[in-house]
Amino acid sequence: MIRDQIQQTVANAVAAAQASGMLPAIDIPPVEIQRPNQPEHGDYSSNIALLAASAVKKTTGQKGNPRQIAQSIVDQIPTAGTQASRLPSDDLIGSVELAGPGFINIRLNARWLQSQVLTIIAEGERFGTIEKGEGRPWQVEYVSANPTGPLHYGGGRNAVLGDTLANLLEAAGYEVQREFYVNDSGTQFQLFIESLYVFYLQIFERDVELPQEGYQGAYLRDYAQLAREREGDRLLHMEPSAAKAALKEIGREIVLQDIKDELAGLGVTFDLWFSEQSLYDEGLVDQLLMKLTHEGEVIERDGARWFLASKYPGNEKDEVVVRSNGSPTYFASDIAYHYDKFVRRGFDRVINVWSVDHQGHIPRMGAVMRALDLEPERLVILLYNLVKLIRDGQEVKMSKRSGDLLTVREVVEEVGPDAVRFMLLTTSPERSIEFDLSLAVQRKNENRVFYVQYGHARICSLIQKAAKSGFDDPEVVPDDAAHSVTLLTHPAELTLIRRMLEMEEQVELAVERLSPHNLTYYAEDLTKAFSAFYENCQVLHSDVPPELARARLLLSLAARTALSRVLQLMGMTAPKAM
RNA sequence: GCCCCCUUAGCUCAGAGGAUAGAGCAACGGACUUCUAAUCCGUCGGUCGUAGGUUCGACUCCUACAGGGGGCGCCA
């Protein structure tokens, strides 16, 4: 990564300054490289001289002069042209200057920037990927909504966050597995099956009552119909317990298919739908409870079995794993589930995407990790806040159509998948979202995703037009391209290249902070840089010399790559025309 | 009561120890016989909830308080 190279160069310069005696040979904090806010301050900057001055004061008692220190470091940084043996485009750093109280400002070499246009084109689909993960296996578990019906719109945020994060992790070089944990054992699922059974019987005009707290959404009628289409009246003639057992399989398939379709509408897919029930079926839950009992982590008290979470930091209470009536809690299977993830499947790290109402569960899972002898840092929780949908100034929770909770599907149908993804992604996860539906539908174009997509469509159109106006196939990079790109000297051209080259840093940032929303702002900035180029630098115009036009077409190709990649990372389409 | 998160422009939000706090929308003014105006340029707009503290330097870290949201079950 560019920033890493610069960091290394500055660090070397610090060492060289110390070796030459210009800088006292004391411990100096590690060099950090920032992106200055003001363009006048260069492409990158370092505050190392300010930090070094403090260090000097601390160790020697003498006040260090930050500007003097900065100068001694600046003197040791090689810039383009200092080494005669190299090509003008070889050197990353164009110039270095000392500024303000002691900042070291670094500007990239224009010749090098120009050469990067061809690098970006060559990288294509790989552009923006970094080596950070080194192929380590990471898992992202997200959505994992109860399989009892269509997804509530709030689940959309979970889906979008998890999916985008998984995309980013892949770009960062991790081997990513996307997983949906299916809670197909336990009370809620059981209630769902009982309810489905009732709706099924009602098709045959049997008069049966819904169980208490049973599900009664209109969708259950559809599910029951589907069950009937598949099974006919077979279940009608079975003992209720046998019928329900059969429905467990059938109902599971029906509801999961529904959820799958709904998520596919948002562009979200999973590698694995992991069954909670399977943990019981193969005896893993029992096995682990035994193991933990043996190790003194689980004890019996008041007729129930408890996990002694309070032994571990952050936990005040113990947790029931098996109720006094003998039935296990979800927490029991959660222990087994995470054991399976880390110990059996060997994920280096697991990221669970949870809504804030699960925050109380975080310390408990930390305790589980410790009890299982696993480093707690390997389980990371991405906690996100709730989504509030507003229509005409009022909060909407229910669907007008069905009377049920408003679903992801309905919101996607109303607003469109890309716009929904964008609006669920732009806000940082820990903040709640207030989203005005009426506004979104009324003024659809105000959604910034269309701005980015429009930029992409414009490039495609430009490239297509170039082919028709006598340029050789614009998709093919000509032999003399390396020379062509040196004609890209307009500030808008160089700014666009700079912006594109930020992509890797953006990927790293979003991964390190678990902040996929950063990407949406980068996408806008990138598009803005392209627009400025598009406005200021004509390509297919009689005034523009063919050689320059060719160079600008190359830049456009690179910009198309960058924009399409960023849209792809966000899980949105990159339209060729709008 | 205890714990966690949020509070930045009229609105919706970025910014996470650096230099003069940014964007979109809204409002106002300008640019279309276009390489796609779903665009671009400009103007207006801020004691970064309040009060202290740490630091050469704080929207950013610490403490207290206020307002908003969430969590504290043999629920999931």
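Keep in mind that this is a model prediction, so the values were computed, not measured. Order of the sequence lines sets the chain letters (A, B, ...), proteins ahead of strands, with each chain counted from 1.
Within the structure, a side-chain polar atom (N or O) of A:Asn518 is placed less than 4.0 Å from OP1 or OP2 of B:rG15. Contact check, A:Ser432 against B:rG69: no side-chain N or O comes under 4.0 Å of OP1 or OP2. Here A:Arg67 does not reach the OP1 or OP2 of B:rA19: none of its side-chain N or O atoms lies under 4.0 Å away. Note on A:Arg431: every side-chain N or O is 4.0 Å or more away from OP1 and OP2 of B:rG68.
Side-chain contact check for A:Gln277 and A:Ser275: no donor-acceptor pair (N or O, by modelled atom type) lies under 3.5 Å. In the model, A:Ser310 has a side-chain atom that pairs as donor or acceptor with a side-chain atom of A:Asp318 under 3.5 Å.
Using a 4.0 Å heavy-atom criterion, one finds that A:Tyr451 contacts the sugar-phosphate atoms exclusively. A:Ala466 comes within 4.0 angstrom of no nucleic acid atom, judged by non-hydrogen atoms across all strands.
For an aromatic pair to be called close, the ring centres must be under 6.0 Å apart, and A:Phe274 with A:Tyr337 satisfies this.
The CG-P distance, from A:Leu496 to B:rC40, rounds to 14 Å in whole Å. Residue A:Gln359 contributes atom CD, which lies 12 Å from atom C1' of B:rC6 at whole-angstrom precision. One can place CD1 of A:Ile433 at 14 Å from P of B:rU7, the figure rounded to the nearest angstrom. Distance CE (A:Met578) to P (B:rA38): 9 Å, rounded to an integer number of Å. Rounded to whole Å, the distance from NE2 on A:His517 to P on B:rC6 is 12 Å.
Taking the six-membered ring where tryptophan is involved, the planes of A:Tyr312 and A:Phe307 are essentially parallel, since the angle between them stays under 30° and well short of 60°. A:Phe533 and A:Phe530 have tilted rings, their planes meeting at an angle from 30° to 60° on a 0 to 90° scale.
Non-hydrogen atoms lying under 4.0 Å from RNA chain B are contributed by A:Thr427, A:Ser428, all within residues 414-428 of chain A.
Nucleotides B:rC59 and B:rU50, compared at atom C1', are 14 Å apart to the nearest Å. Here the separation of B:rG30 from B:rC44, taken at their C1' atoms, is 15 Å to the nearest Å. If you take atom P in B:rU20 and the same atom in B:rA26, they sit 32 Å apart, rounded to whole Å. Comparing B:rG73 with B:rA64, their C1' atoms are spaced 33 Å from each other, to the whole Å. Nucleotides B:rC13 and B:rC3 place their P atoms 28 Å apart, quoted to the nearest Å. The gap from the C1' atom of B:rG45 to that of B:rU8 amounts to 13 Å, rounded to the nearest Å. Comparing B:rA27 with B:rG22, their P atoms sit 24 Å apart, to the nearest whole Å. Taking atom C1' on both B:rU39 and B:rG24, the two are 15 Å apart, rounded to the nearest angstrom.
Within the 4.5 Å cutoff, the side chain of A:Val368 has heavy atoms near those of the A:Met365 side chain. For the pair A:Met500 and A:Leu555, the minimum side-chain heavy-atom distance is below 4.5 Å.
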Using nucleotides 22-24 of chain B, report all nitrogen or oxygen pairs with the protein that are shorter than 3.5 Å.
from	atom 1	to	atom 2	distance (Å)
B:rG24	OP1	A:Lys528	NZ	3.4

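We find that the ring of A:His41 and the base of B:rA19 stack, their centres lying under 5.5 angstrom apart and their planes tilted less than 30°.
If you run side chain to side chain contact (heavy atoms under 4.5 Å, CB included) between A:Arg305 and each of A:Thr329, A:Thr293, A:Val320, only A:Thr293 comes through.
Residues in residues 31-41 of chain A take part in these side chain to side chain donor-acceptor pair (under 3.5 Å) pairs, two or more places apart or across chains: A:Arg35-A:Tyr44, A:Arg35-A:Glu505.
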